[in-house]
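Worth saying up front: this structure is predicted, and the values here are computed from it rather than measured.
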Amino acid sequence: MSRIHRGAAAAALAAACCLTATGTAHAIIGGSAVKNISNAPWAAQVRFNGGGSHCSGAVIAAQWVLTAGHCKSNDDFVLLGSVTKGQGTQISTDRQIQADGEDILLLHLTKPYKTTYAPYGSSGDRPADGKSVTAYGYGDTDNDGGKSTTLKTCTMKVKDNDASDGKNDHVIQLTKGSGISASGDSGGPVFYGGVIVGTDSRGTDTVKDYADITSYSGWISRTVGS
């Protein structure tokens, strides 16, 4: 990834972080709404099951969206370019490639999408325990299934940066900061230092497991470059 793309995405992330107030598959509980897509131009809504089910994700290259492995379907498509859920430019996918042993999925778009792409981190970017990170998602607003109409963001705290669970060999565990992810945020990115370090995989009401992207940056680079 070029330094230009990385710098532009970091600037967009910094702008979005200024909007922050104070699961498994729902929008963020707490936090705040992202007011304009220019603050998160890489944001992706991942749809499947005829559009009736959804996850979140991030555009990391012209024809690639990063999301969660359990969002994989033979009818995946994405909506791009809008903070409003259910709106945006619709692009179908023709390949779904999952990392071995991880709840990480790369969706290949049938045509390029021009935007500021989200940079993803390598092993040196992994946040230490206790650090604050910034999450994004289009999921639920409470654990009772309250639905968001927009992209949301919040800060979360790193509880354990080197864990594992039943779906991932490498997990970054997060707890509530200004908010916490919920159902429908699955696949949504979490940023630290301007780069994606994890994608929402699963968890409880209080501890969320994010697949550790920093351990798979090489695989991502090879796949996106192929």
Val133 and Met156: CA distance, side-chain angles, deciding distance, side chain to side chain contact (heavy atoms under 4.5 Å, CB included) verdict:
CA-CA 5 Å; Val133 296; Met156 297 171 70; 4.2 Å; yes

Quick one: do Val46 and Thr93 satisfy side chain to side chain contact (heavy atoms under 4.5 Å, CB included)? Show the steps, please.
CA-CA 10 Å; Val46 179; Thr93 68; over 6 Å; no

Output, in order, the C-alpha distance, side-chain angles, deciding distance and verdict of side chain to side chain contact (heavy atoms under 4.5 Å, CB included) for Arg126 and Ile172.
CA-CA 9 Å; Arg126 184 185 302 152; Ile172 298 173; 4.2 Å; yes

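Put simply, the side chain of Thr175 never gets that close to the backbone of Lys159: no donor and acceptor are under 3.5 Å apart. The backbone N or O of Asn168 lies less than 3.5 Å from no partner atom in the side chain of Glu102, so there is not a single donor-acceptor pair.
Lys111 places a side-chain heavy atom less than 4.5 Å from the side chain of Ile91. Residues Cys71 and Phe48 meet the side-chain proximity criterion, which asks for heavy atoms closer than 4.5 Å. With contacts defined as side-chain heavy-atom distances shorter than 4.5 Å, the pair Gln63/Tyr113 does not qualify.
The two residues Asn161 and Asp129 make their nearest non-hydrogen contact at N-OD1, 2.8 Å. Thr115 and Pro41 get closest at one heavy-atom pair: OG1-O, 3.1 Å. Ile37 approaches Ala43 most closely through the heavy-atom pair CD1-CB, 4.2 Å. Nearest heavy atom pair, residue Cys154 against residue Gly31, reads CB-CA, 3.7 Å.
A tilted orientation is assigned to the rings of Phe191 and Trp42, their planes being inclined by 30° to 60°.
Hydrophobic cluster membership is shared by Tyr210 and Val158, with clusters built from Ile, Leu, Val, Met, Phe, Trp and Tyr side chains linked at under 4.5 angstrom.
Considering only residues two or more places apart in sequence or on other chains, Asp162 meets the side-chain hydrogen bond (donor to acceptor under 3.5 Å, both in side chains) condition with none of them. Residues that satisfy the side-chain hydrogen bond (donor to acceptor under 3.5 Å, both in side chains) test with Asp103, not counting sequence neighbours, are His70, Ser201.
Thr155 and Ser178 form a side-chain donor-acceptor contact under 3.5 Å, judged by distance and modelled atom types alone. Side-chain contact of Asp185 with Ser181: a donor-acceptor pair under 3.5 Å is absent, judged by distance alone.
For CG of Asn49, the number of neighbouring non-hydrogen atoms (other residues, nucleotides, ligands) closer than 6.0 Å is greater than 12.
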